[in-house]
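First the proteins, then the strands, lettered A, B, ... as listed; each starts at 1.
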Amino acid sequence: MDKNFLNDFPILRSKMNRHQIAYLDNGATTQKPESVVRSICGYYGGCNANPHRGVYELSVRATKIYEDARRKVAKFINARPKEIIFTKNATESLNLVAYSYGLNNLRGGDEILITIAEHHSNLVPWQRVAQATGTKLNYIYLNADGNLSQADIDKKLSNRTKILAVTQISNVLGLVNDVKKLAAQAHEVGAVVVVDGAQSVPHIPVDVQNLDADFLAFSGHKMLSPMGIGILYGKRKILEEMPPFLSGGDMIEYVEEQATTYAELPQKFEAGTQNVGGAAGLSAAIDYLQGVGFDNIERIENDLTTYTISELKKLPYVELYGCDAPNKVGIVTFNIKDVHPHDVATILDAEGVAIRAGHHCAQPLMKFLGQNATCRASFYFYNTRRDVERLIEAVQKVRGIMHIA
Amino acid sequence: MDKNFLNDFPILRSKMNRHQIAYLDNGATTQKPESVVRSICGYYGGCNANPHRGVYELSVRATKIYEDARRKVAKFINARPKEIIFTKNATESLNLVAYSYGLNNLRGGDEILITIAEHHSNLVPWQRVAQATGTKLNYIYLNADGNLSQADIDKKLSNRTKILAVTQISNVLGLVNDVKKLAAQAHEVGAVVVVDGAQSVPHIPVDVQNLDADFLAFSGHKMLSPMGIGILYGKRKILEEMPPFLSGGDMIEYVEEQATTYAELPQKFEAGTQNVGGAAGLSAAIDYLQGVGFDNIERIENDLTTYTISELKKLPYVELYGCDAPNKVGIVTFNIKDVHPHDVATILDAEGVAIRAGHHCAQPLMKFLGQNATCRASFYFYNTRRDVERLIEAVQKVRGIMHIA
Amino acid sequence: MLENIYTELIAEHSQSKENRRQLEHATTKERGHNPSCGDEITLELEIADGVIKDAAFSGVGCAISQASTDMMIDLMRGKKIDEAKRLAELFIDMIHGDITDDAELEELDEAAALKNISTMPARVKCATLAWHTLDTAIKGR
Amino acid sequence: MLENIYTELIAEHSQSKENRRQLEHATTKERGHNPSCGDEITLELEIADGVIKDAAFSGVGCAISQASTDMMIDLMRGKKIDEAKRLAELFIDMIHGDITDDAELEELDEAAALKNISTMPARVKCATLAWHTLDTAIKGR
Ligand SMILES: Cc1ncc(COP(=O)(O)O)c(C=O)c1O
Ligand SMILES: Cc1ncc(COP(=O)(O)O)c(C=O)c1O
């Protein structure tokens, strides 16, 4: 019997439209356990100060909280603390790489390779880099089961490829890409590998050294942490050679009127006052996740996903996407025939079931799938079979409410 | 008799090194009232969801909290909500302008004009823009009293000047620049005016329309709000013509494989999941500040500043900077002869007095003042005369502890 | 609650094919979209002597946006431009919850049935899409 | 607490002018800095036959960094390179709180008086500046 996680998440015991909430939009953001909220409040109530800058005790405490969080994140993904840069979200992390690495290392004739399943945050920045540097942006397409086409990879990955940017888990299909294999293949042709870990780091153990990723971006808020804190991991050697991205306070060494030298890693990439409250929350979140354990997280999510898919498959008017591949994690995307996903979401909302409807910030993938929009249920370990039953019951009501025969 | 603000700030009633804390580093970051902390916790405990994206009620609530915060900020500085862009701190706000406006509107022969009193965050980004675009970075120097030299302004502001970037209040000298007059003069030659409001918006009423600023940047954490939320105001017409800065989720309209159209203001500049918890805290902070009232804030800070200066002037071994001009707000910068500021700060810390020592992210100003580093006491309305007395008592002990005759 | 939104009337209008076509003599064509949902419509108008002689649309979207478009076209056919502008404003005000008096809303005919959308902030844009598109199409006429 | 930091010994060393000069026969010159405080020193060494024959410094900084530099120079004068490296490491370990046994620290002579800095994280860099600079200067010799 699993621990009743609901005890730690008051919001999951609350009501939405007079029903206990079944929160199935964890791909967008997760809820926060009490320990995380307590840690934020504890920070502001007892240690709040500007870190790095002050000699006095309060500031020393803030610095320690902030740097402890960095060490914790480093350990969590098997990196070194100097290789962990705090940002505001995964999107900023990816933009940092696009601006500081991309704009400065690409030139005409080079190519950037991404997949058609990328989130806009790992797509639009590369489009802009391609436009600014006159490089070509190529796409890896998918097999019928939703997985990356190896033939397409082999065709498009060449020694012109300077950057391979790939999500470890698609936020629409929930399929786990074999990033380790991809990275090895990309490194063979000399490309740098940027991994979007926004959907993977919260759900499966991620080891940057084992993957041999050059960069890994993810967001705190999708792994129990407060909003406003994201992470960029980068290999030390690469980060050291990159120019700063944002500039200003705390990332400098010496500033003269016409010239500036920059601080060492990781400060070089952290300009201005950082989100220490967010870091405090992130620390507590990692502690909580490690308490649960990835073996449990994977087991629970796998059970919920399999159960959902098998129940939805019983409904002839439901169409599923990417649900036949085995490398599937916690995300089920579907449509109800003749009903627009926004109407589905509204009807589910009235039943207290929170799912996401729309393009999921992946318009090129939607187009590839031939859909304008879809419904998405995404799980975290605190969800239960009861949540799935509520989802299925609500789905069964939809066509009736919509007056479809 | 002023309200006892300490009731609202538990941290100010706590001890640092066995003394009740006298927190005089408000220029670096301020403490948060309980209402702000409650509002963050309330958000995570009851309304947490990804805004803008969800159809379900929780997400609708999160969206409302986020957009209400934007409307509140807009009203606070007399702007329109569309003109308010949320960032992570003032530094990001200034970098946004430097990257998106600066890099795209300047070319060789143009000039950028800033003051020698700028914080690195309103200096280094312009240095980098100047280097990238081949433009010249000019400095306005100061009169003996620390105020901007009008002669220098007249000399250096010309029709080659495309950007005037100026702080409204220096974080070292605490002197209020007449931004309204500067903006008028700059607009006459066609320059765009970027105002660093990090030290002004928390302390004096700021009206962007009255100032006629083109951009105004400030940070939530210096005005009672949580860390991780900053603000950029920009005139609508100018923002509309600027390309996006960060790109990714939520800032797009349509994304195709090779081209993207962008959302309208303000979303165009807000990529990825935003800090809704931070916005909730910022809302509560503005409510609190308006409850206190700027008339009270200015009166209290003025009293504390005047008192501090007059007491420090009695000590022959104390040297003061920028303390003879009348346009002074809440910041007192000084040195104790023969003692390095870091030693001063350590000794004050042992007495429970938190001040800042160093270059205050303003190295060019330090050089201009002929100092390597200084001590800085900076006030907020919750400070008291007792805090000042504690500061003065501690300062009087310094030279003895340092074994200076 | 939901029964007040997804009524039979709205279902009928959202599924109706009558106004879903191309006009032979269109004088104005306007695209409207709601990128966050993927809703997209193209509105065609035949305007002559300051009167909307005919109207039709094509596009995809949720039931609310489709029904709202269909109802709007029924309402606008034969209306003077000024009248159409006023009605579009009235509808938008209703959806924003600024007008609640049923008597005032009578003029909107069947489209008044969308009144309850005002309680669903996430769906407001779906309901108003067509009406904003119309407003843009006839602006300055 | 403070009395254990700002001792008379440290005051003396921080104000001492003896080691503040330029060496006539410097063989190595190394700049060290601590940008966040503005501390800056230039360390000069005269090395011959694997031995630090003489050392001196110039620069500005807080009492702790100045005293620490002065004490280090007193300690290092006449030491073999290997010995100097070992002592610099010992000192840095002490400041980081990794070595607390007074007997072990005896070798550091007067510099052992800076031991209590290990309880003041904000000042650790001040104390170690000179020692890191020395370490860089003799690295690879
Ligand atoms: C005048 C001034 N500008 C800009 C900043 C930068 O603010 P932040 O560190 O919140 O980005 C500060 C504060 O450090 C400041 O005092
Ligand atoms: C795969 C993927 N990448 C990137 C992001 C962007 O994350 P954020 O919005 O926190 O910047 C998301 C989440 O929205 C995502 O699912």
Side-chain angles (χ1 to χ4, degrees), chain A residues 10-11 14 16-17 25 28-29 31-32 37 40-41 44-46 48-50 53-58 88-89 91-92 95 119-121 124-125 127-128 137 139 219 221 226-228 246-249 252 255 257-258 260 271-273 275-278 342 345-346 349 354 356-357 361 363-364, chain B residues 10-11 16-17 25 28-29 31-32 37 40-41 44-46 48-50 53-58 88-92 95 119-121 124-125 127-128 137 139 219 221 226-228 246-249 252 255 257-258 260 271-273 275-278 342 345-346 349 354 356-357 361 363-364:
Chain A
I11 200 171
S14 72
M16 186 166 90
N17 296 316
D25 194 16
T29 201
Q31 299 305 335
K32 324 303 174 199
V37 178
I40 308 169
C41 298
Y44 286 119
N48 175 60
N50 208 315
R53 297 186 181 177
V55 164
Y56 54 89
E57 198 201 319
L58 216 52
K88 67 174 171 180
N89 54 26
T91 302
E92 186 194 346
N95 275 270
H119 187 280
H120 293 159
S121 294
V124 184
Q127 232 181 41
R128 299 182 82 206
L137 180 62
Y139 284 84
S219 279
H221 71 93
M227 288 157 152
L246 303 180
S247 55
I252 57 88
V255 179
E257 287 190 24
Q258 301 296 343
T260 294
T273 304
N275 187 354
V276 186
H342 275 84
T346 294
D349 172 50
R356 176 113 181 267
C361 299
Q363 290 182 9
Chain B
I11 201 172
M16 186 166 91
N17 296 317
D25 195 17
T29 200
Q31 298 305 336
K32 324 303 174 198
V37 178
I40 308 169
C41 298
Y44 287 118
N48 175 61
N50 208 314
R53 297 187 181 177
V55 165
Y56 54 89
E57 198 201 319
L58 216 52
K88 67 176 172 181
N89 54 27
T91 302
E92 186 193 347
N95 275 270
H119 187 280
H120 293 159
S121 293
V124 185
Q127 232 181 44
R128 299 182 81 206
L137 179 63
Y139 284 82
S219 278
H221 72 93
M227 288 156 153
L246 303 180
S247 55
I252 56 89
V255 179
E257 287 190 23
Q258 301 297 342
T260 293
T273 303
N275 187 355
V276 186
H342 275 84
T346 294
D349 173 50
R356 176 113 182 267
C361 299
Q363 290 182 8

When heavy-atom pairs shorter than 4.5 Å are enumerated against chain B, which of [options] gives the highest number?
options	result
A:A271, A:G278, A:P10	A:A271
A:I11, A:L58, A:T29	A:I11
A:D349, A:V124, A:V255, A:N275	A:V255
A:M16, A:H221, A:E57	A:E57

Has [X] got a side-chain atom pairing as donor or acceptor with [Y]'s backbone, closer than 3.5 angstrom?
X	Y	value
B:E257	A:P364	no
A:S121	B:G249	yes
B:Y44	A:K32	no
B:N95	A:L246	no

With a 4.5 angstrom heavy-atom cut-off, is it the side chain or the backbone of [X] that approaches chain B, or both, or neither?
X	answer
A:S14	neither
A:I40	side chain
A:S219	neither
A:N48	both

Between B:Q258 and chain A, which part of the residue has a heavy atom less than 4.5 Å away: side chain, backbone, both or neither?
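B:Q258 touches chain A through backbone and side-chain heavy atoms alike.
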Contact class of B:N89 relative to chain A, heavy atoms under 4.5 angstrom:
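Side chain of B:N89 only, per the 4.5 Å heavy-atom cut-off to chain A.
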Between B:I252, B:V37, B:T91, B:V276, who has the most heavy-atom pairs with chain A when the cutoff is under 4.5 Å?
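That would be B:T91.
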Between chain A and each of B:M227, B:Q31, B:K88, B:H120, count heavy-atom pairs under 4.5 Å; write down the option with the most.
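Most heavy-atom pairs under 4.5 Å with chain A: B:M227.
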Mind checking the CD-CD spacing from B:E92 to A:E92? Nearest 0.5 Å is all I need.
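Reported to 0.5 Å precision, the distance equals 5.5 Å.
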Can you name the closest pair of heavy atoms from B:R128 and A:S247 and give their distance?
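Taking every non-hydrogen atom into account, CD-OG, 3.5 Å.
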